[in-house]
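A note on names: the letters A, B, ... follow the listed sequences, proteins ahead of strands, and every chain is numbered from 1. For clarity, every value in this text was computed on a predicted model and none was experimentally measured.
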There are 2 protein chains.
Amino acid sequence: MTVSTAPDARGDLFDPACPTRQILDRLSGKWSSMVIKILAEEPAGEVRFADLRRRVPGMSAKMAAQTLKELERDGVVLRRVEALTPPRVHYSLTPLGVSLDAALAHLREWAELHAHAVDRARTAYDRSHDNGGTNP
Amino acid sequence: MTVSTAPDARGDLFDPACPTRQILDRLSGKWSSMVIKILAEEPAGEVRFADLRRRVPGMSAKMAAQTLKELERDGVVLRRVEALTPPRVHYSLTPLGVSLDAALAHLREWAELHAHAVDRARTAYDRSHDNGGTNP
DNA sequence: CAGTATCCATAAAGATACTG
DNA sequence: CAGTATCTTTATGGATACTG
């Protein structure tokens, strides 16, 4: 059986088979974290495809479909189909997805808390690097 | 001057100027999170350029330099130069970097905790999608 | 040693058109 | 409505060679 090709990759972030690597790679897509946030924030818990697109400005149908498919494959998102014409498809977070959102929330919190500090660091860095005193 | 084009993008993850977006984008590089982890784990707190490369197998000099530069610009990493010949450059996390690592640690923890679940979800998904019962 | 510069391959994302 | 297919553009990373 194909139980696991990764014997004990736990903690070995540098092995491509490492779980953390995989998660980070999945989240590194441009839209994944936004989709998760939308689904997490939805009071009803479910969002339809077109709604999702409306709520994530700039995300093409292609990227929406691709992102949702990946997240569904990972067990983070649930896809529910109502077979009407026209069809209705509803997306929501699974319990696993909810817990992932909680982990992501720490990062969001960090970012909001330290956004100013990062901004200041960048300004300072740019000031001393792109024209550090040797410019006309 | 490039002070800020984002008046109050706080919480607006869908604005490219949003702090969370920026952080997630920075972390989405292939090497950033690994570099942060190495620096966080280093007992001495400092790691030299060549050491870092040795400890992150597969990372080219180019990517090491680029990643470190971005993280330094963000105020997450500190670069200390000993002007000898040959030169020695030491990298460490700033306090800001340490706190970022703490936020990242939640994600690492989630990944390790749920790696099996994700794996199982993928297997189940693949089983029912690439040959869901309509195959010769 | 600690990088930089350059060129090249690939992967990710966008635009557009079309379908059940 | 909820996607898929296809093509083009752009971003990312890798290989190699060179420098203070």
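The CH2-P distance, from A:Trp31 to C:dG14, rounds to 5 Å in whole Å. Rounded to whole Å, atom P of C:dA2 lies 10 Å from atom CD of B:Glu82. The separation between B:Leu84 atom CG and C:dG3 atom C1' is 16 Å, rounded to whole Å. The distance between atom CZ of B:Arg53 and atom P of C:dG3, rounded to the nearest whole Å, is 11 Å. One interatomic measurement links the two molecules: CD of A:Glu46 to P of D:dA2, which rounds to 12 Å at whole-angstrom precision. Whole-Å rounding puts the B:Gln66 CD to D:dG13 C1' distance at 8 Å. Atom CE in A:Met63 sits about 17 Å away from atom P in C:dT16, given to the nearest Å. One interatomic measurement links the two molecules: CG of B:Leu68 to P of C:dT4, which rounds to 10 Å at whole-angstrom precision.
At C:dC1, none of the side-chain N or O atoms of B:Arg48 fall inside 4.0 Å of OP1 or OP2 (strictly under the cut-off). The phosphate of D:dG3 (OP1 or OP2) has a side-chain N or O of A:Arg79 nearer than 4.0 angstrom. At the phosphate of D:dG14, OP1 or OP2 sits under 4.0 Å from a side-chain N or O atom of B:Lys30. Between C:dG3 and B:Tyr91, a contact under 4.0 Å exists linking OP1 or OP2 to a side-chain N or O. Between A:Lys62 and C:dT16 there is no side-chain N or O to OP1 or OP2 distance below 4.0 Å.
Judged by closest nucleotide on DNA chain C, B:Lys69 is the one of A:Gly29 and B:Lys69 placed further toward the 5' end. Ranked by how close their nearest DNA chain C nucleotide is to the 5' end, A:Pro87 and A:Met59 are led by A:Met59.
We find that A:Asp25 and A:Arg21 are joined by a salt bridge, their nearest charged nitrogen and carboxylate oxygen being less than 4.0 Å apart.
Out of C:dG3, D:dC1, C:dA2, the shortest distance to the side chain of A:Pro86 is found at D:dC1.
Taking hydrophobic clusters as Ile, Leu, Val, Met, Phe, Trp and Tyr residues chained together by side-chain heavy-atom distances below 4.5 Å, A:Tyr125 does not share a cluster with A:Val118.
At least one side-chain heavy atom of A:Ile38 sits less than 4.5 Å from a side-chain heavy atom of A:Leu52.
The aromatic rings of A:Tyr91 and A:Phe49 are tilted relative to each other, their planes meeting at an angle between 30° and 60°. Ring geometry for A:His114 versus A:Trp110: interplanar angle of 30 to 60°, hence tilted.
When both pairing distances are held under 3.5 Å, C:dG3 makes a Watson-Crick or G-U pair with D:dC18.
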